[in-house]
Amino acid sequence: MPCPSQSSDELVFFVNGRKVTEKNVDPEVTLLAFLRKNLRLTGTKYACGTGGCGACTVMVSQHDPVSKKTRHFSVMACLVPLCSLHGAAVITVEGVGSINTRLHPVQERIAKSHGTQCGFCTPGMVMSMYTLLRNHPQPSEEQLMEALGGNLCRCTGYRPILESGRTFCLEPNGCQKKEPGKCCLDQKEDDLLGGKSDICTELFAKEEFRPLDPTQELIFPPELLRMAENPEKQTLTFYGERITWISPGTLQDLLALKAKYPEAPLVSGNTSLGPAMKSQGHFHPILLSPAGIPDLRMVTKNSGGLTIGACCSLAQVKDILAESISELPEEKTQTYRALLKHLGSLAGQQIRNMASLGGHIISRHCYSDLNPVLSVGNATLNLLSEEGTRQIPLNGHFLSGLASADLKPEEILGSVYIPHSQKWEFVSAFRQAQCHQNALPDVNAGLRVRFREGTDTIEDLSIAYGGVGPTTISAHESCQQLLGRHWNALMLDEACRRLLDEVSLPGSALGGKVEFKRTLVVSFLFKFYLEVLQELKKRKIKLSSESADSQRHPGIEARFLSALEDFQVTLPQGVQTYQRVDPRQPLQDPVGRPIMHLSGLKHATGEAVFCDDIPRVDKELFMALVTSTRAHAKIISIDSSEVFALPGVVDVITAEDIPGTNGDEEDKLLAVDEVLCVGQIICAVVAETDVQAKRATEKMKITYEDLNPVIFTIEDAIKHNSFLCPEKKLEQGNIEKAFENVDQIVEGEVHVGGQEHFYMETQRVLVIPKTEDQELDMYVSTQDPAHVQKTVSSTLNIPSSKITCHVKRVGGGFGGKVGRPAVFGAIAAVGAVKTGRPIRLVLDREDDMLVTGGRHPLFGKYKVGFMNSGRIKALDIECYVNGGCTLDDSELVTEFLILKLENAYKIRNLRFRGRACMTNLPSNTAFRGFGFPQGALITESCITAVAARCGLPPEKIREKNMYKTVDKTIYKQAFSPEPLIRCWDQCLDQSSFHIRRTEVEEFNRKSYWKKRGIAIIPMKFSVGFAATSYHQAAALVHIYTDGSVLVAHGGNELGQGIHTKMLQVASRELKIPMSHMHICETSTAVVPNTIATAASIGSDVNGRAVQNACQILLKRLEPVIQKNPEGTWKDWIETAFEQRISLSATGYFRGYKAFMDWEKQEGDPFPYYVYGAACSEVEIDCLTGSHKKIRTDIVMDACCSLNPAIDVGQIEGAFIQGMGLYTTEELHYSPEGVLYSRSPEEYKIPTVTDVPEQFNVALLPSSQTPLTIYSSKGLGESGMFLGSSVFFAIADAVAAARKERDLAEDFTVHSPATPERVRMACADRFTDMIPRDDPKTFKPWSIPIA
């Protein structure tokens, strides 16, 4: 048992070339915590804590004394136990390069390629690329994609990050034009643009990049080299507060320890045990680490197969298998190829570098990708103990945990023997996950068949599935029954029937998706059947008659072979086009130029300081929240007695401690008497450390009494008449009469799921109480510091003037940091005032996702009346959004939803109605697009339905019904659709839409199991808040006597480049370079009463305020400049100071006029519109539901972009985020209202492999608007909805499949278009044969809330 009084051994490792010696290491401390807290290396970020996002990526180097090679590999620092690093060298982003010393080419290129926006994920991206370059100075494009597969980014859309990485790659199809800066791709684009010289396609200049020089990297420390070559074969022991870590030096020591502590698990990569101990409460008092034992990493090859040491990482296994495949004849490598295929998409690169083969096998996770293949491949486990060695088969009995087929407590897994495949043997592996890479599979399979030599008679058959039971399931009975059968259609039918009987999945199975999983069981078998049939044909085996019978099974026809091709991952290509600045514009005027983000280089070096990177303050305490575990209940009692007995606990903060107001009547900061959802905050624990505070929350005893009703779904809310606000309605024309005079009417439903913000930086706040006058300094990650200030003021009952909120930068917001940070800020402030000490509150990813709410799920019903020509005469839409338990922004979202529903279409008779439902879920809130991405999906679904009924392509219906001339919207606001038509026409032209539509149809004729779809979507997006007072802004500009300029304004830097744009504005107005200027932070003490940075309007209004301040200053300087026109800027400023001219000015913008009268149903709610169009083409696999994005073209009306690099980045990032909403991002709630999807493992935002293979963005040229600053437009949100072009392209492909299968049109639309939904929509004989459960007979794993 752990005994802290015993002395631990000394841990020796290096960080960034410096030796670190730790005497008292706690085994529970991770490398990430040590880097951030002990070494103050805060470039490595904490974002998820479970190894799912890559923000904490660092490089670890270890020397292998056997091979005499030093291995460099990327790891997730949040999972690496510090104890495991003895003898290792760690490089963090700070060790790669710094602004103050020397930038590394990786850092320079990612910044100058505009690959950083909020910058929170950037250090992780840099470290993944840096590690790749340490191993491969000229990597292939495939290696680059692989290296970044485990890194998530929520801002950029990945394209510019990959673009920066591509500059290091060996070009496989390298451009033959050797002229510097010229490429045939650019040339083609010039032709495409009709040779327009004012159009530019370069956002950065590659020629300026410094070359990579591998000789300049940090060497592996010689001291560690000596330690590795001459290990003191000693056992290292580290005693922690609760856990003892033992790292034996020899195999004999390990076996002795395992005999002594049979219950102690072996920890190799910590990728399974780590998350389990963090999130699932697993606890082991003793941990054994076999990392230092070379015997467990040995690889031996013999004539019969391959033996791989259990401690080899999955990345090493991948290399070992690839080497064997290259050396051996194909027939012997069937199993190895199947394993290699799965290793390509299993987790991300960092996890593959850490996870061991032995750990993967022994964990026996139901979703294991390798166990099904190893099982059918007849792998053997070599077990070791003090008693000796023994072998057990890795078979169904072992995988199901049968005691007689398992390891004994004192045994360990030494190695795994994988035999070669035989001549007439075929092995395949299949997996289907929510997205291609870094996602746990829904179902996977390993299948093997061996034939009697020269025949198609089955001699041996083995099939195993993952994801369809508590462990890997072996279909032994079915396989036995099929021995001796011919490989033909009759066998296939029988096999499917038998498998569905044997691999049975109850309707209430964990993970849900039951019918989808059943379908995949037989779909995978069919794919295997076809693969083997093809191989037998190649070997010219005479097949038995049934398999050639094209009526029974037409598997030999060419169009059916598409089932065999897997989607390949390729590095996205693309062209970004924008209008050059006027050649007469002065060179030092930066407006309109692709200027790098001001913080870009700091993001890349880890020197950009985020809220939680601020060093610990004296006497600082940490806060952790206690949340409700019931959806609707009365609080009977809160018992904190056990909490105060724990070490480090200082206080518990409850509603009684609030000196002022506890939120408002409907929305309390801390729950009183009653809870309305799971995740509602009840109280908070304050302790000396974060670990102590989080542990203490588990000891809070809260007694509840459940209340009724409990409402989760929109359907239930409608039934119970549970609404948050009155109905919002807009109507024009005579809708009832119009429906009487149309040729056809279609009615349909649209269900749009919610979306989690998944900003990389979770909610966090630091509150520092001052010693006098009740003053508070607050450092908050927020989009609205004034709202935080106001909320804290009312909560503490002190004036706002005594509370200063500071925002340096925010690691992503997307609307999720508008309202919620005020809640966390207020609770932390109460804690700070009560204890008199600074309080830091940093939400874990799980808590952030549970507590904060997200995009409103939507249920919409439409009725559309139209003529046979496709002209829509009447449209009636009724929408319901799931608002959660309190009002929050739900009323506003409903209003905006209704106002924006018409999108780009002129329909004379309309009725739009919207309600916000009150449910017992966390309150949903603002999210990029603010209702438009959900609502416009209904409108576009109507268009698709009309097209299907008229037998016309959807784009024809869109064109026919689009606004054509100057007109008025449904709410009587006048506008000109001319830029909309131009975007549409240019997008059709740029994407070669009509040619590709024909090609898609041709492809679909020739392919049965793969289908392509193409869609083009127009957009009219309204920018701004529907109230004039929300458009005001202020700025403060100081000029110092040395000529330098300090700019402050009311906008917050969220990654959208607002500070960069503000300095561009100031530079133009003051006619001095940006290098003379600085923006420090956004502070409520400098610019008061600011408006939230939201609604795409931040740069617009703050830009006008900065412009105003600069113009005031310049007017004051005019007499000085006129007297000395030849003088320098510094001369003028010195003179002005001597003449007592004020060099400080407040700028102010009163705001765009905006209003809406809901009684009259008219107004001018929005200052202006952003227009755009997007065309996307996809290919779906009808057997699995997966898809690949072939190409996307976006044309956006940005008018005169202030900064095309930033604006293109905003469009791409929003598009990819929208694409996530419509394809992969799915929230799952339990029937009790608990959110399941609370981590990157369970909630899949797009990764690098989700970017379209060709991704082109064009800013519409020669477009003007007199209203805004320099005729620019706000583009933060508009691109979000264009992601729906992917959704409708998938729908187009599904429609092609359904038409070929003679299935009826289905006018119920479900978003996201997940693999499950796509597969089940492409109904065929496999979906028909699966058993279906009556929903009344079981309790489902999750419930649909939209």
Side-chain angles (χ1 to χ4, degrees), residues 114 116-119 588-600 602-603 608 783-786 806-810 813 1023 1031-1040 1044-1084 1086-1114 1144-1149 1151-1152 1198 1200-1207 1209-1210 1268-1276:
H114 314 288
T116 84
Q117 284 184 25
C118 85
Q588 75 169 28
D589 179 351
V591 171
R593 303 186 196 276
I595 305 290
M596 178 180 69
H597 193 295
L598 279 183
S599 297
K602 285 184 282 187
H603 291 155
Q783 294 171 245
D784 193 354
H806 306 264
V807 180
K808 183 79 173 172
R809 58 175 61 81
V810 176
V1023 165
H1031 294 146
Q1032 61 181 302
L1036 182 62
V1037 178
H1038 300 314
I1039 305 173
Y1040 293 91
S1044 63
V1045 177
L1046 181 66
V1047 178
H1049 61 92
N1052 302 282
E1053 180 56 72
L1054 317 170
Q1056 84 285 37
I1058 192 170
H1059 288 347
T1060 311
K1061 286 182 171 180
M1062 292 310 95
L1063 288 198
Q1064 286 178 274
V1065 170
S1067 173
R1068 166 174 280 190
E1069 293 298 333
L1070 295 176
K1071 301 179 179 61
I1072 59 170
M1074 284 174 70
S1075 55
H1076 286 39
M1077 301 178 168
H1078 179 59
I1079 290 182
C1080 176
E1081 63 175 7
T1082 305
S1083 165
T1084 54
V1086 179
V1087 179
N1089 311 320
T1090 55
I1091 303 299
T1093 305
S1096 303
I1097 211 147
S1099 295
D1100 280 28
V1101 296
N1102 287 289
R1104 290 290 284 268
V1106 170
Q1107 181 186 38
N1108 178 237
C1110 292
Q1111 286 172 351
I1112 291 168
L1113 287 167
L1114 214 53
S1144 176
T1146 298
Y1148 191 66
F1149 176 56
Y1152 304 118
C1200 299
S1201 169
L1202 288 178
N1203 185 326
I1206 283 175
D1207 285 344
Q1210 286 293 289
T1268 58
I1269 184 155
Y1270 311 143
S1271 219
S1272 64
K1273 283 190 175 181
L1275 298 172

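Hydrogens, waters and symmetry mates are skipped; everything else that's a heavy atom, side chains included, is used.
- When atom types are taken as modelled, the side chain of Q1107 and the backbone of I1269 share no donor-acceptor pair closer than 3.5 angstrom.
- Put simply, CD on Q1210 and CD on Q1056 are 6.5 Å apart, with the number rounded to the nearest 0.5 Å.
- Looking at every heavy atom in both residues, V1047 comes nearest to V1106 through CG1-CG2, 4.1 Å.
- Panel note: side chain T1093, backbone G1051; no donor-acceptor pair is recorded below 3.5 Å.
- Under the side chain to side chain donor-acceptor pair (under 3.5 Å) test applied with H1059, the options H1049, E1081, E1053 reduce to a single match, H1049.
- Every residue two or more places apart in sequence or in another chain that forms a side-chain contact (heavy atoms from CB on, under 4.5 Å) with P1073 is listed here: Q588, S1075, H1076.
- Distance check, rounded to the nearest 0.5 Å: CG of D1100 to NE2 of H1031 gives 9.0 Å.
- Interatomic distance, L598 CG to M1077 CE, rounded to the nearest 0.5 Å: 11.0 Å.
- Considering all non-hydrogen atoms of both residues, S1144 and L1036 come closest at OG-CD1, 3.9 Å.
- In summary, of the residues considered (M596, K602, H603), a side chain to side chain contact (heavy atoms under 4.5 Å, CB included) with T116 occurs for H603 alone.
- Residues in residues 1057-1067 take part in these salt bridge (Lys or Arg N to Asp or Glu O under 4.0 Å) pairs, two or more places apart or across chains: K1061-D1207.
- In this structure, the side chain of N1203 engages the main chain of I595 through a donor-acceptor pair within 3.5 Å.
- Between the OH atom in Y1152 and the CD atom in Q1032 there is a gap of 13.5 Å [rounded to 0.5 Å].
- Evaluation of the side-chain contact (heavy atoms from CB on, under 4.5 Å) rule for I1112 yields N1108, R1116, A1145 as partners, not counting sequence neighbours.
- Rounding to the nearest 0.5 Å places CD1 of I1097 at 10.0 Å from CG of N1102.
- A1094 and Q783 get closest at one heavy-atom pair: CB-NE2, 4.4 Å.
- Side-chain N or O atoms of D589 include one that pairs as donor or acceptor with a backbone N or O of V591 at under 3.5 Å.
- Here the shortest heavy-atom pairing between C118 and V810 reads CB-O, 3.6 Å.
- Contact record, C1110 with V1037: SG-CG2, 4.4 Å, taken as the closest heavy-atom pair.
- At distances below 3.5 Å, not a single donor-acceptor pair connects side-chain atoms of K1273 with backbone N or O atoms of S1201.
- The two residues P590 and S1067 make their nearest non-hydrogen contact at CD-OG, 3.3 Å.
- Two residues are said to be in side-chain contact when any heavy atoms from C-beta on lie closer than 4.5 Å; M1062 and S1099 meet this criterion.
- For the atom pair T1084 OG1 and H806 NE2, the distance stands at 7.0 Å (nearest 0.5 Å).
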